[in-house]
Amino acid sequence: MNTYLSSVLDRVKNEHASEPEFCQTVEEVLLSLEPVIEQHPEYEAVDLLNRMVEPERMFTFRVVWTDDAGRVHTNTGYRVQFNGAIGPYKGGLRFQKNVNPGVIKFLGFEQCFKNSLTGLPIGGGKGGSDFDPAGKSDAEIMRFCQSFMQALYRFIGPDTDVPAGDMGVGSREIGYLFGEWRRLKGTFENGVLTGKDRSFGGSRIRPEATGYGAVYYLQNVLAHEYEKIEGKTIACSGFGNVTWGICKKARQLGAVVVTLSGPDGYIYDPDGVTSSDEKVEYLRTMRASGHDRVQDYADKFGVEFFPGEKPWGVKADIVMPSAVQNDVGIREAEQIANNRIRYYIEVANMPTTNEALTFLRDQPGLVVAPSKAVNAGGVSVSCLEMSQNSEHLVWTAEQVDDQLHAIMDEIYGNSVDAAERYGLGYDLVAGANIAGFERIAQAMMAQGIF
Ligand code: GLU
């Protein structure tokens with residue numbers, strides 16, 4: 001590895017030894033940037049990479065809330081404002097018990113490259129809390145969100161930092177967060193949050209956007225191999241909002257999603273989750289129940305449930321990990337390769353360990369696509385929501401969907417171009433990292449050293 005790159009990586013690994021996820025994503029990105037750094041000594045001259053891996057700002061805050069029995073609880077809230085060179089910080093909030101500084105930093109770093117890749121004017125940020133939403137009542141969720149916003153509201157705004165949802169934060173939570181923002185600020189600046197309900201400025205297609213975008217990207221990948229999506233089988237993990245969007249679009253286009261998974265195991269539906277609207281919509285019912293288990297699907301539709309297992313042993317044309325980080329390690333990657341899967345399309349943020357990703361990228365006949373490109377449709381439509389809010393306009397579903405489709409095609413095309421320009425051939429992983437990097441680098445170079 002280039003000496004400058006390895007010195008940056010060593011520094012990150014030393015300083016963030018207790019944050020393995022952050023070290024992992026920095027390593028994955030830096031590896032792709034080798035030819036860029038070699039051909040552009042001007043970046044090293046201004047120490048651009050150390051400046052990029054260091055968040056502009058990161059803070060924690062106390063979030064205190066009272067449960068229904070009157071007991072007081074204290075959680076930690078986080079926000080990282082990672083890089084604002086190309087636009088206001090933009091990125092979701094994750095409420096999950098395993099949230100810690102390393103998780104927030106990894107998500108924030110990924111978000112910078114993803115947002116840059118969209119071509120839209122949004123910088124990278126992320127936040128959340130170690131609050132566990134499981135089993136909480138609606139009133140408890142509301143009090144937690146209100147307290148969270150009381151601590152955060154001074155530091156965000158429609159042109160400063162625009163949070164949205166992520167795991168554990170859906171339209172209900174965004175509603176409570178916005179209510180508290182409006183109460184504290186006394187203004188209707190609804191561009192401060194995205195993923196809102198449509199009754200107060202949410203965009204059409206935002207709930208579907210990540211899943212739809214992933215399928216539009218997949219269509220580009222298939223077209224490159226002169227293939228069509230119709231009739232293809234897809235093994236998905238997860239059963240949340242993203243997987244629901246994938247299933248909805250896959251059903252429209254005649255693809256067959258055969259697996260879903262949860263923390264409890266996976267289900268296999270040979271006819272396809274995509275075989276009826278009822279099945280697709282049941283994903284939302286399961287998510288809303290708060291049980292966080294996929295077995296309910298097997299019980300309702302009479303298909304097989306595999307407790308404690310992941311769906312990567314299943315034969316399909318396409319694998320789309322759409323659940324959590326590091327879902328696919330080397331053992332799972334070997335299963336995927338042995339099953340002769342043709343397309344490995346990452347959807348969740350960093351679903352693959354670096355070891356597994358390297359292994360999969362080396363498999364002949366397997367196309368690998370990275371999540372920071374594939375899942376960028378969600379944040380893209382968030383940016384379209386910001387545009388609608390600032391113009392006080394409401395766009396039709398068709399207007400939003402057409403733009404989403406065009407953005408995903410462009411992300412794919414720019415990734416392909418970037419890899420080719422650096423002599424890497426057809427490499428969607430390196431291409432996404434390079435294309436994402438280039439735009440931020442250009443903006444940082446133009447804005448001076450700080
Ligand atoms: N959390 C989503 C992501 O990972 C959406 C972020 C947003 O809409 O700002 O990109």
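These values consider heavy atoms only, across backbone and side chains, with no hydrogens, waters or symmetry-generated copies. As the structure is a prediction and not an experimental result, all values here were calculated from the model. Indexing begins at 1, ligand by ligand and atom by atom, following the structure's order.
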*Asks:* Tell me whether Arg287 is salt-bridged to Asp292, with the criterion being a basic N under 4.0 Å from an acidic carboxylate O.
*Replies:* yes
*Asks:* In chain order, what residues pass the salt bridge (charged side-chain N to carboxylate O under 4.0 Å, His left out) check against Glu420, with sequence neighbours excluded?
*Replies:* none
*Asks:* With sequence neighbours left out, what residues match Lys185 under salt bridge (charged side-chain N to carboxylate O under 4.0 Å, His left out)?
*Replies:* none
*Asks:* Return each pair, listed once, that meets ring pair (Phe, Tyr, Trp, His ring centres under 6.0 Å) where at least one residue sits in residues 151-176; pairs must be two or more places apart or across chains.
*Replies:* Phe59-Phe155
*Asks:* Using the six-membered ring of Phe131, assess whether NZ or CZ of Lys136 lies under 6.0 Å from its centre and within 45 degrees of the ring axis.
*Replies:* yes
*Asks:* May I have every N or O pair linking ligand 1 to the protein at under 3.5 Å, one per line with atom names and distance?
*Replies:*
from: ligand 1; atom 1: 1 (N); to: Lys126; atom 2: NZ; distance (Å): 3.4
from: ligand 1; atom 1: 1 (N); to: Gly165; atom 2: O; distance (Å): 2.9
from: ligand 1; atom 1: 1 (N); to: Asp166; atom 2: OD1; distance (Å): 2.8
from: ligand 1; atom 1: 4 (O); to: Lys114; atom 2: NZ; distance (Å): 2.9
from: ligand 1; atom 1: 4 (O); to: Lys126; atom 2: NZ; distance (Å): 3.1
from: ligand 1; atom 1: 8 (O); to: Arg206; atom 2: NH2; distance (Å): 3.1
from: ligand 1; atom 1: 8 (O); to: Ser382; atom 2: OG; distance (Å): 2.5
from: ligand 1; atom 1: 9 (O); to: Lys90; atom 2: NZ; distance (Å): 2.7
from: ligand 1; atom 1: 10 (O); to: Gln111; atom 2: NE2; distance (Å): 3.1
from: ligand 1; atom 1: 10 (O); to: Lys114; atom 2: NZ; distance (Å): 2.8

*Asks:* Ring of Trp65, cation from Arg143 - is the NZ or CZ under 6.0 Å from the centre and inside 45° of the axis?
*Replies:* no
